[in-house]
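Contents: one structure, followed by commentary.
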There are 2 protein chains.
Amino acid sequence: MDSDMVAEVRRFNRTVTQRVGALNDHYLGGDRSLGASRLLWEIGDGRDLRSLRGTLGLDSGYLSRLLRSLEADGLVTVEADPADRRVRVARLTAAGKTERSALDRRSDGIAEMILAPLTERQRERLVAAMADVERLLRVGMVEVEAVDPDHPDARYCVQAYFKDLAVLFEDGFDGDVVLAPDMETVLVARLGEEPIGCVGMYEPEPGVCEMKRMWVHDSARGLGLGRRLLVELETLARQRGATSIRLETNRSLTSAIALYRSSGFEEVPPFNAEPHAHHWFRKQLT
Amino acid sequence: MDSDMVAEVRRFNRTVTQRVGALNDHYLGGDRSLGASRLLWEIGDGRDLRSLRGTLGLDSGYLSRLLRSLEADGLVTVEADPADRRVRVARLTAAGKTERSALDRRSDGIAEMILAPLTERQRERLVAAMADVERLLRVGMVEVEAVDPDHPDARYCVQAYFKDLAVLFEDGFDGDVVLAPDMETVLVARLGEEPIGCVGMYEPEPGVCEMKRMWVHDSARGLGLGRRLLVELETLARQRGATSIRLETNRSLTSAIALYRSSGFEEVPPFNAEPHAHHWFRKQLT
DNA sequence: GCAATTCTCTGACTAGAGTCAGAGAATGGA
DNA sequence: TCCATTCTCTGACTCTAGTCAGAGAATTGC
């Protein structure tokens, strides 16, 4: 890897942990410990402990103790979930909500302290660069996993995909027509817990894999996630022993079509009668 | 302050502390604690404890204890400075140097982990954006202080200024000619401990302040530090009851001249016979 | 209905990070 | 010379953050 790049990333790490890290440590917690504050923040309008542990990456014993201390201060209540009385749900009290908005103000304050010493033009440059850094760091955090089409995350993505299509297609889109897919596997891309992209696959005939329903969340567009899903799909198809991948698509999806072409797909005659399709592609796996 | 900007900075803080912060915490320390590792790194080729405390922001008792533990592991030696036997100087042993380069490799590794999941183009974009963020965050960390012209930092800056001039001036520059200034105050800009810019001032006649020797370190050019020094100088002049500021400058210093003009200075006839001067400026303080 | 599993909690730890109040040596200034 | 100051060290703390091993309640699968 280019050592100039590595050097710049190291410089960035250093400056950022010094400046942003120090501000966070000093101002974010307030009277409370940083961990307790973060927890307070994440609880929001009520969360079950399991998901809180997930997002914050805490040990269950530790989380319990933090909650106990917030409870003692009258900021949260923890009750059993009526649906499953093993799981418990934390909720903010009125005092907790007040505290949370104080936390909010401190976060704003930190941001303002960072912006304050700069001129307007410098602020604009900084914010633009931060947006870039943030988006690209997030790309690095995306994880792709193969799941069953019944998996809730897969269902969520496909729903989102249909919603997008309904807006995009010139002739509208009726999800019900194709809602019963033959998909065998879905690759789900997640940022942390949240699904932000997917692509489905099934094997209509031996040696041929068909790709369906590639979707990327608005917030993650333009970051190469589509290409990454395509690459991982190809790997999966190879592992299954397929010799080619095919797909059909609608003419409205121009950027997807460009992606297919630049990824080695070639347009072929129609191989099915999918109602919304205008283009059919195939890629030979070597 | 623009709330979109604040929101973006907050998003940045979150993403960066999650991604970069977590990587640092997990991989940087190695077997040693993060504090000890950072200390090891900063010692480098030998540093006195005072300056180490400054850079790392540690309590003297805590630093002492950290050094004791590194000493016990045979990584550093601490000896009295022969010049002043109260101050002690820490130096790395051979084992310490080995450990430090291992630390170096871990830092590189972290940078590579950040870059690894990206395509070449994304890497380039990330590195460019990081460089921007880093430079602008550093701007925010700059502190300006008024010191005596005898202050070592002031001397250091003026020396650096003369060195720069010797290169810039068409007809060369002999610092000795003007080495005995009448400066009364010097504003020194520092990044952490290190001086990166200055501007001097004296009062040749009642109510008139004269600006001399504005200098900004190469690494800090283009970040508006010159303008900031000028603004702070103006404030200082006002506090002293001055009604105008004047200055003379050499025609080689084009960007400085542009700065003066855009800051409200107007060219006036020569008010002195400074050998290297080609332009004279004055600004009325209202 | 019973066993395995899931979920949360408590108690008992550990290590890191840092603060604070002196003690004691060395130095500098009047 | 002597007193104030500077510099480092030690001891005695505190707090945060986190781990680990069980205990006990609720739920699920068979």
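Fair warning: this is a prediction, and the values are worked out from it, not measured in the lab. In what follows, chains carry the letters A, B, and so on, assigned in the order in which the sequence lines appear, proteins first and then strands, with residues in each chain numbered from 1. What's counted below: heavy atoms across the whole structure, side chains too, no hydrogens, waters or symmetry copies.
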Quick one: are [X] and [Y] in side-chain contact, heavy atoms under 4.5 Å?
| X | Y | answer |
| --- | --- | --- |
| B:I114 | A:N13 | yes |
| B:V216 | B:I196 | no |
| B:D59 | B:R53 | no |

**Q.** Rounded (10°) bend between the five-pair end axes of the helix from C:dG1-D:dC30 to C:dA30-D:dT1
**A.**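 The end axes of the helix from C:dG1-D:dC30 to C:dA30-D:dT1 are about 20° apart, to the nearest 10°.
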**Q.** Distance below 4.0 Å between A:R86 side-chain N/O and D:dT27 OP1 or OP2
**A.** no
Q) Between D:dA26 and A:R88, is there an OP1 or OP2 to side-chain N/O distance shorter than 4.0 Å? A) no
Would you mind reading off the distance between [X] atom [atom1] and [N] atom [atom2], rounded to a whole angstrom?
| X | N | atom1 | atom2 | value |
| --- | --- | --- | --- | --- |
| A:L49 | C:dT6 | CG | P | 17 Å |
| B:R50 | C:dT27 | CZ | C1' | 14 Å |
| A:E79 | C:dC7 | CD | P | 19 Å |
| A:D59 | D:dA21 | CG | P | 11 Å |
| A:L66 | C:dC9 | CG | C1' | 13 Å |
| B:D31 | C:dA15 | CG | P | 14 Å |
| A:N24 | D:dA17 | CG | P | 13 Å |
| B:D48 | D:dC7 | CG | P | 9 Å |

Below 3.5 Å, does any donor atom in the side chain of [X] face an acceptor in the base of [N], or the other way round?
| X | N | answer |
| --- | --- | --- |
| B:S60 | D:dC7 | no |
| B:R32 | C:dG16 | no |
| A:R65 | C:dG11 | yes |

Q) Is the backbone of B:R100 close enough, under 3.5 Å, to the side chain of B:D104 for a donor and an acceptor to pair up by distance? A)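 A pair under 3.5 Å: no.
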Q) Can any side-chain N or O of B:R123 pair as donor or acceptor with the backbone N or O of B:A116 at less than 3.5 Å? A)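 It does hold such a pair.
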Q: Please tell me which of the listed nucleotides, C:dT27, D:dG18, D:dC9, lies nearest to the side chain of A:Y62?
A: D:dG18
Q: Counting heavy atoms from C-beta on, name the nucleotide in D:dT10, C:dC9, D:dT27 closest to the side chain of A:R85.
A: D:dT27
Q) Are B:R190 and B:E143 ion-paired here, with the side-chain N under 4.0 Å from a carboxylate O? A) no
Q: Describe the nucleic acid contact of B:L34 in one word from base, sugar-phosphate, nothing, applying a heavy-atom distance below 4.0 Å.
A: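 B:L34: backbone/sugar contact only, no base atoms under 4.0 Å.
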(Q) Just to be sure I understand the rule, does B:S33 reach a base, reach only the sugar-phosphate, or reach nothing, if contact means heavy atoms closer than 4.0 Å? (A)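 The residue B:S33 makes sugar-phosphate contact but no base contact.
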Q. Quick one: SG on A:C198 to CD on A:Q159, what's the gap to the nearest 0.5 Å?
A.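 Here the rounded value is 11.0 Å.
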Q: Using heavy atoms to find the nearest nucleotide of DNA chain D for A:P82 and A:R38 separately, return the residue whose nucleotide is more 5′.
A: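 The residue whose closest nucleotide sits nearer the 5' end is A:R38.
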Q. Is atom CZ of B:R68 surrounded by more than 12 heavy atoms (other residues, nucleotides or ligands) closer than 6.0 Å?
A.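 Atom CZ in B:R68 is packed in, count exceeds 12.
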